[in-house]
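Below, chain A is the first sequence line, B the second, and so on; all start at residue 1. Only this structure's heavy atoms are used, side chains among them; waters, hydrogens and symmetry mates stay out. What you see is a predicted model, and the numbers here were worked out from it, not measured in a lab.
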Protein chains: 2
Amino acid sequence: MKKSLTIHDIAKMAEVSSATVSRVLSNSSYPVSPELRAKILRIAKEANYVPNMLGKQLKTRTSMTIGVVIPSITNLFYSSIILGVEEIARKSNYQVLLCNSFQDPELEDKAIHAMFEKQVRGLVISSISSDKKQLKHFIDMGLNVVALDQKVEMEDVTQVDFDYRKGGYIAARHLIGKGHRNIAYVTAPLDRPSRKSICEGYAAAMDEAGLQPSVVEAGSETTYSGAYEFENGKALTRKLLAEGGDRPTAVFACNDMTAFGVVNELAAQGLKVPDDVSVIGFDGLDIGQMITPPLTSVLQPTYEMGRLACTMLLDMLTGGKKPDVGIVLQPRLLERESVADLLVGG
Amino acid sequence: MKKSLTIHDIAKMAEVSSATVSRVLSNSSYPVSPELRAKILRIAKEANYVPNMLGKQLKTRTSMTIGVVIPSITNLFYSSIILGVEEIARKSNYQVLLCNSFQDPELEDKAIHAMFEKQVRGLVISSISSDKKQLKHFIDMGLNVVALDQKVEMEDVTQVDFDYRKGGYIAARHLIGKGHRNIAYVTAPLDRPSRKSICEGYAAAMDEAGLQPSVVEAGSETTYSGAYEFENGKALTRKLLAEGGDRPTAVFACNDMTAFGVVNELAAQGLKVPDDVSVIGFDGLDIGQMITPPLTSVLQPTYEMGRLACTMLLDMLTGGKKPDVGIVLQPRLLERESVADLLVGG
DNA sequence: CTGTTAGCGCGTTCAG
DNA sequence: CTGAACGCGCTAACAG
């Protein structure tokens with residue numbers, strides 16, 4: 001990096017002190033005569049002066065950057081969240097330091113550490129780490145944290161939550177309302193609270209209707225990509241169909257990518273959706289309306305979640321006020337065309 | 001932010017000078033007695049010392065962060081690239097500052113400016129701005145830049161390029177090889193070099209085979225999301241089918257999301273893919289194999305592009321060597337099931 | 001209104 | 001081998 005101009009350099013050019021230059025160029029409210037101001041502005045512009053934020057940040061102890069840690073950016077669910085975060089951040093002149101944790105607690109911890117060293121003012125995180133000791137320490141040191149997606153059971157962590165249980169309940173209710181009685185739930189490993197909650201909602205709705213829940217769970221996962229979830233959906237469907245007994249009339253998948261796998265495997269086995277088997281997903285990704293048939297799903301407002309999380313974080317940073325209560329976003333059924341109504345013409 | 005420990009604080013605790021602490025904690029090659037080293041390390045650990053990188057960066061003039069500027073992270077094409085960039089960066093202890101430009105030159109310029117102020121050591125960029133004055137200036141100041149996806153015609157900008165023309169050619173050749181003669185190309189506005197190149201490749205293959213090219217181009221775009229491209233695909237297909245004359249037996253779309261729209265609109269009009277009309281996309285997104293029928297496409301190795309771009313950037317940073325020649329990645333046909341072979345049973 | 005001075009936290013001469 | 005002193009680029013306190 002070539003040595004670039006400093007305020008001292010342009011102070012010399014303008015024949016003033018560097019303090020005055022600083023006052024002008026950093027829009028200080030401190031009074032400076034209009035003539036000097038104009039002169040300094042002109043010279044700085046002519047010389048293509050670009051301030052070095054490191055100096056400023058070191059002095060002012062504030063960095064105008066926030067960190068975002070999520071499992072994987074290629075997951076449409078998370079990329080949409082990040083888009084929301086980044087947009088809100090940008091509007092307040094913050095920038096985003098991004099890290100993919102790949103569901104690896106060690107990577108997550110390292111990323112948070114590095115971000116803290118770089119003096120990020122806050123963090124938006126979908127944390128997968130079970131050991132929150134480090135995070136707790138940083139929070140005690142003054143780091144502001146907003147958790148998303150994955151619940152962080154810790155005081156001083158503001159939560160943007162989603163009612164997964166109700167989402168699971170809504171999906172199952174929808175299927176039951178359409179006359180389905182044999183409804184299977186296929187899911188990635190139930191090792192995360194969010195997934196457990198969806199499953200509980202599903203089971204509650206089934207119980208309530210006097211139906212027998214039937215859960216097919218995947219073995220523990222290694223990666224965390226859409227392709228993995230898709231394959232998972234296929235594998236779980238094979239398992240489900242191979243089980244013998246009555247074939248379910250509807251399958252509820254723990255997320256949309258998995259649902260795509262279900263639809264695909266069903267088709268591979270000669271079963272039509274929704275004519276032979278209905279499928280419902282979870283997430284409500286845009287891409288769901290682009291497949292055939294368009295996937296009925298439970299909407300999680302990812303973009304808004306991102307925006308909301310970032311807004312809350314910025315509030316904490318500027319106001320210093322910790323929202324005393326977290327927010328729980330509500331699920332909404334996204335009815336498209338992958339669920340058959342068994343009560344019509346049945 | 002609560003005031004945190006500095007090297008001076010732990011220097012006092014260890015009853016040594018801050019210089020010694022610095023030497024130990026920053027792994028300097030400077031000799032320090034083993035006893036002191038151990039003592040300092042122990043005390044720093046006990047006190048949960050976390051270095052402030054701003055001080056270090058200011059002093060050493062190097063920041064261990066790179067910037068990435070792309071149109072939109074919710075576009076699977078770019079999120080995959082970023083994943084590659086971030087992974088390589090992380091392995092060299094760099095972090096990534098991310099910005100979505102939304103195809104807005106002004107946002108792009110502002111983001112680059114802010115990143116430069118924050119002393120990023122380099123940039124990976126898919127630039128949409130036509131005015132590269134600012135970028136050129138920063139490069140002259142020592143910023144290292146690797147361009148991706150969108151060609152930046154500028155010396156000192158290393159390019160990770162892709163042979164779009166050949167990709168267009170390959171796709172058209174594939175269709176022709178399968179016996180198609182009436183092949184339409186539907187595309188987003190041809191205002192970007194990459195899109196023009198694909199179209200040229202298509203036209204060249206058609207000419208070569210003595211066929212008449214038929215291009216349907218969209219009006220200028222406003223947003224840049226997958227949903228937009230999908231809708232675009234639908235709209236262009238409607239336009240195509242409404243044109244009268246012979247209906248094409250195959251449609252080539254400028255990217256996969258657009259192809260999804262084409263497939264969807266075809267279905268909406270009662271046309272089956274590939275039985276009635278064949279469709280081929282461009283990008284080779286994973287998601288393409290999850291729809292029905294799986295989309296034949298031209299593969300752009302996005303993840304590898306990201307990895308490669310970041311590797312080249314890091315080489316420039318460490319070695320100071322500017323690769324004297326850019327790289328042109330080659331397209332590859334991804335044959336799936338959305339193209340019918342007209343020569344069999346035809 | 002303007003300039004001088006003193007750090008922010010760190011790494012790095014240069015003496016000892 | 002160790003420490004005192006200086007400076008990275010910038011802002012803030014205090015004089016003038």
Side-chain angles (χ1 to χ4, degrees), chain A residues 1-41 43-44 47-64 114 116-121 141-142, chain B residues 1-41 43-44 47-64 114 116-121 141-142:
Chain A
M1 207 66 149
K2 207 175 296 180
K3 189 182 175 332
S4 48
L5 293 175
T6 74
I7 47 172
H8 298 99
D9 295 323
I10 71 151
K12 268 181 204 155
M13 301 186 205
E15 296 171 310
V16 295
S17 78
S18 57
T20 308
V21 175
S22 168
R23 296 198 262 255
V24 171
L25 295 181
S26 61
N27 288 317
S28 161
S29 62
Y30 209 92
V32 174
S33 74
E35 300 83 47
L36 269 192
R37 177 178 298 276
K39 181 178 183 184
I40 290 171
L41 250 20
I43 292 185
N48 271 317
Y49 168 74
V50 178
N52 182 334
M53 284 304 175
L54 296 182
K56 179 185 186 122
Q57 291 169 15
L58 183 59
K59 178 69 188 177
T60 59
R61 301 161 157 289
T62 184
S63 74
M64 288 294 146
F116 190 73
E117 286 183 340
K118 286 185 182 166
Q119 312 299 110
V120 295
R121 293 208 58 204
M141 304 270 297
Chain B
M1 207 65 150
K2 208 174 296 182
K3 188 182 175 331
S4 49
L5 294 174
T6 75
I7 48 172
H8 298 98
D9 295 322
I10 72 152
K12 271 180 200 154
M13 301 186 204
E15 295 170 309
V16 295
S17 78
S18 56
T20 309
V21 175
S22 167
R23 296 200 258 256
V24 171
L25 263 24
S26 61
N27 289 315
S28 162
S29 62
Y30 208 92
V32 175
S33 74
E35 301 83 47
L36 270 191
R37 176 178 296 276
K39 182 178 182 184
I40 291 171
L41 249 21
I43 292 185
N48 272 317
Y49 168 75
V50 178
N52 182 333
M53 285 305 176
L54 295 182
K56 181 188 184 114
Q57 291 169 16
L58 183 56
K59 181 66 189 177
T60 59
R61 299 159 162 290
T62 181
S63 74
M64 288 294 141
F116 189 73
E117 286 182 341
K118 286 186 180 164
Q119 313 299 111
V120 295
R121 293 208 57 205
M141 304 270 296

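- Between B:Ser63 and B:Val120, the closest heavy-atom pair is OG-CA, 3.8 Å.
- Using five terminal pairs a side, the axes of the helix from C:dC1-D:dG16 to C:dG16-D:dC1 at its two ends make an angle of 50°, given in steps of 10 degrees.
- At whole-Å resolution of the value, CZ in B:Arg37 and P in D:dG3 are 14 Å apart.
- Sorted by first and then second residue, the salt bridge (Lys or Arg N to Asp or Glu O under 4.0 Å) pairs involving residues 22-32 of chain A (not counting sequence neighbours) form an empty list.
- Taking B:Leu41 as the reference, B:Val24, B:Leu25, B:Arg37 meet the side chain to side chain contact (heavy atoms under 4.5 Å, CB included) condition, with sequence neighbours excluded.
- When rounded to the nearest whole Å, the span between CD1 of A:Ile40 and P of D:dC10 equals 13 Å.
- In terms of phosphate contacts, A:Thr6 brings no side-chain nitrogen or oxygen within less than 4.0 Å of OP1 or OP2 of D:dG9.
- Using a 4.0 Å heavy-atom criterion, one finds that A:Leu58 contacts the bases of the nucleic acid, with or without backbone contacts as well.
- Of all heavy-atom pairs spanning B:Ala44 and B:Ile10, the tightest one is CB-CD1, 3.9 Å.
- By the side-chain hydrogen bond (donor to acceptor under 3.5 Å, both in side chains) test, A:Ser33 is found to be paired with no residue, residues two or more places apart in sequence or in another chain being considered.
- With a heavy-atom cut-off of 4.0 Å to chain A, the contacted part of DNA chain C has its first and last nucleotide at C:dC1 to C:dG9.
- Among all heavy-atom pairs drawn from B:Tyr49 and B:Leu5, the shortest one is CE1-O, 3.5 Å.
- Contact detail for A:Asp9 and A:Ser4: the closest heavy-atom pair is OD2-O, 4.1 Å.
- Put simply, CE on A:Met64 is 17 Å from P on D:dC10, counting in whole angstrom units.
- A:Lys59 is linked by a side chain to side chain contact (heavy atoms under 4.5 Å, CB included) to nothing, counting only residues two or more places apart in sequence or in another chain.
- Taking A:Glu15 as the reference, A:Lys39 meet the salt bridge (Lys or Arg N to Asp or Glu O under 4.0 Å) condition, with sequence neighbours excluded.
- Residues forming a side chain to side chain contact (heavy atoms under 4.5 Å, CB included) with B:Leu54 (at least two apart in sequence, or on another chain): A:Leu54, A:Gln57, A:Leu58, A:Gln119, B:Asn52, B:Gln57.
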### Task
Do nucleotides 11-16 of chain D as a string where each nucleotide becomes B, S or -: B if the base has a protein heavy atom under 4.0 Å, S if just the sugar-phosphate does, - if no protein is that close.
BBBBB-
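- Shown here are the side-chain hydrogen bond (donor to acceptor under 3.5 Å, both in side chains) partners of B:Ser17, two or more places apart in sequence or in another chain: B:Thr20.
- Rounded to whole Å, the distance from CD1 on A:Ile10 to C1' on D:dG9 is 12 Å.
- Residue-to-nucleotide proximity on DNA chain D shows that, of B:Thr20 and A:Val50, the 5′-proximal contact is made by B:Thr20.
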